[in-house]
Amino acid sequence: MSAHEEGNKRSLSDKPKWWDTFPWWGIAIVAILSWMGYQIVTNNSYELAWDRVIPGISITVTATLQAFAIALALGLLAGMGQLSKNVILRNLARTYVEFIRGIPILPLIFTVALVLIPQLQNALGFKLSFQMRATVTLAFIYGAYMAEIFRGGIQSIAIGQVEAGRSLGLSRRQTMNSIVLPQAMRAIIPPLGNDFIAILKDTSLLSVLGVLEITQRARQFSASTFKFREGYFVLAFIYLILTLGLSLLLGVLERRMTRDDRDVRSNRGID
Amino acid sequence: MISIKNLSKTFNKNIHAVKNVDLEIAEGEVVVIVGPSGSGKSTVLRCINRLEVPTEGSIAIDGVELTDPECDIDSIRAEVGMVFQQFNLFPHLTVMENICLAQRKVRGRSKSEANEMAMKQLTRVGIPDKADSYPRQLSGGQQQRVAIARSLAMEPKIMLFDEPTSALDPEMVKEVLDVMLELASEGMTMAVVTHEMGFAKAAGDRLVFMDEGMVVEIGPPSQVFENPNEQRTKNFFDKILY
Ligand SMILES: Nc1ncnc2c1ncn2[C@@H]1O[C@H](COP(=O)(O)OP(=O)(O)O)[C@@H](O)[C@H]1O
Ligand SMILES: [Mg+2]
């Protein structure tokens with residue numbers, strides 16, 4: 001009892017001052033964004049740049065969503081593939097992941113979009129726009145990263161959970177879907193959110209194929225008007241708004257999904 | 001009902017966890033397995049529902065050969081309940097959902113049928129009021145009783161218990177043993193690994209003493225316990241009792 005009280009007293013006196021925990025960084029970011037926004041609204045050159053760059057946002061957003069969705073499917077497949085009993089599946093998945101992870105994004109985009117996909121197009125007789133080719137490449141790259149996230153998340157679930165499921169007569173698939181994956185989501189969602197934001201930023205690489213997303217439009221504007229400061233300032237502003245907005249959104253989702261994470265973890269364990 | 005013949009299990013080519021074990025468990029019989037840590041008790045139990053695949057020998061449940069690669073292991077497991085030392089409840093599901101999951105997916109019961117069965121089993125283990133709780137909100141003893149209810153809801157022919165009270169605080173051991181005693185008195189076929197000698201005497205039809213992967217001695221609990229034929233058995237009981 002007395003020890004308890006003492007503990008309370010200590011934690012009271014150790015309570016950090018409000019300025020120690022206040023989110024100053026949030027204030028700083030809001031201030032910078034407001035200042036940037038003010039410049040764009042009040043300054044003609046910035047407004048011009050804004051008008052030229054902003055139409056690219058639909059491509060940026062579309063490419064982000066498409067690449068994320070495809071990457072999610074690929075990542076889940078490859079992540080589960082690596083854990084598969086089937087030796088062929090396992091090695092296929094591993095090869096994909098190691099191959100992609102070993103090459104920087106830019107060379108991969110050139111190789112896939114300008115060499116691999118054209119050859120496939122010739123062989124199979126379909127046609128993809130440059131935007132789609134770059135999006136697919138991004139998806140393949142992030143699919144490999146996500147495979148590792150899925151694999152890690154699934155492996156973080158104690159073997160006892162699987163054994164309990166299988167002992168009740170559930171099949172491998174039922175155990176995976178009803179028991180392992182729902183629990184693994186807690187470990188999977190935060191890093192997936194990071195990749196979501198990373199994909200958004202990496203859609204700027206679509207510009208190397210001439211796709212008219214916001215980076216390419218900013219480049220064109222700056223090159224033709226020599227207003228480099230205005231062009232890239234506006235570009236940075238748009239990316240910041242997009243990534244910060246997305247990160248806020250993901251934060252809410254994450255808090256919902258992991259609300260009782262701590263309690264859940266204490267219940268894990270195997271013989 | 002369970003027929004184990006010449007069962008051997010080797011891990012990593014050189015760990016001989018179980019060696020040439022023969023054991024028959026009749027319908028309605030309660031067999032208690034004891035032995036020092038690492039003597040292969042869990043491995044024998046886990047072979048019975050093929051959580052471990054035997055290296056050698058055969059196991060038949062109701063005449064169905066488990067080692068036959070053609071056998072439908074999922075439907076066999078549905079008939080064999082397993083209770084683990086660490087409970088292994090599903091932490092993301094409520095007690096009710098824990099008990100209904102396999103009933104719905106494996107037995108194909110409707111939601112209301114499954115719920116009804118779940119309430120019946122929860123009442124049987126004495127915690128019908130915990131249906132909507134999450135496992136983390138329950139004490140260890142309550143969690144283990146939910147785990148037992150979850151297995152019973154599948155209406156298994158056999159129940160396997162692997163040290164069901166070893167992870168519990170002492171004051172919670174009795175509430176779990178009481179449930180198991182009741183189950184035994186209702187005629188459930190049971191194989192129980194435990195060091196609770198009170199339970200073995202009260203409910204056990206036979207006591208199996210294992211050491212170094214082998215069955216050293218089998219007999220009525222009070223005889224093996226008080227009057228063992230083997231010196232190894234005697235040494236073991238001398239160590240665990242005082
Ligand atoms: N999955 C495993 N891999 C390697 N060795 C194992 C495994 N499971 C059990 N063993 C070994 O097999 C032996 C018997 O283990 P176990 O059946 O768990 O004994 P008990 O339940 O009687 O304590 C021990 O030496 C243990 O280390
Ligand atoms: Mg054991």
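Fair warning: this is a prediction, and the values are worked out from it, not measured in the lab. Proteins get letters first, then strands, A, B, ... in listed order; numbering begins at 1 in each.
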Undergrad: Can you measure from CD1 (B:I73) to CZ (A:R172) and round to the nearest 0.5 angstrom?
TA: 13.5 Å
Undergrad: Would you say CD of B:E27 has more than 12 non-hydrogen atoms from neighbouring residues, nucleotides or ligands within 6.0 angstrom?
TA: no
Undergrad: Under 6.0 Å from the CZ atom of A:F99, do we count more than 12 heavy atoms belonging to anything else shown?
TA: no
Undergrad: Name the option with the most non-hydrogen atom pairs under 4.5 Å to chain B; the candidates are A:G169, A:S171, A:G165.
TA: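 Sorted descending by pairs with chain B, the first entry is A:G169.
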Undergrad: Which residue in the set A:L168, A:N177, A:L170, A:T175 passes side-chain contact (heavy atoms from CB on, under 4.5 Å) when paired with B:K105?
TA: A:L170
Undergrad: Answer yes or no: does atom CD of B:E116 have more than 12 heavy-atom neighbours from other residues, nucleotides or ligands under 6.0 Å?
TA: no
Undergrad: What heavy-atom pair brings A:S178 and B:H92 nearest, and what distance separates the two atoms?
TA: O-NE2, 3.0 Å
Undergrad: If you count every heavy atom of other residues, nucleotides or ligands that lies below 6.0 Å from A:F68 atom CZ, does the total exceed 12?
TA: yes
Undergrad: With a sphere of 6.0 Å drawn around CD1 of A:I88, does it hold more than 12 non-hydrogen atoms of other residues, nucleotides or ligands?
TA: no
Undergrad: Mind checking the OG-CZ spacing from A:S167 to B:R46? Nearest 0.5 Å is all I need.
TA: 8.0 Å
Undergrad: Hey, mind stepping through A:I179 and B:L93 against side chain to side chain contact (heavy atoms under 4.5 Å, CB included) and telling me if it holds?
TA: CA-CA 9 Å; A:I179 297 169; B:L93 302 178; 5.6 Å; no
Undergrad: Could you tell me whether the side chain of A:R166 reaches within less than 4.5 Å of the side chain of B:D74, counting heavy atoms only?
TA: yes
Undergrad: Minimum heavy-atom separation for A:A164 and B:F90, please, with both atom names.
TA: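 For A:A164 versus B:F90, the nearest heavy atoms are CB-CE2, 3.9 Å.
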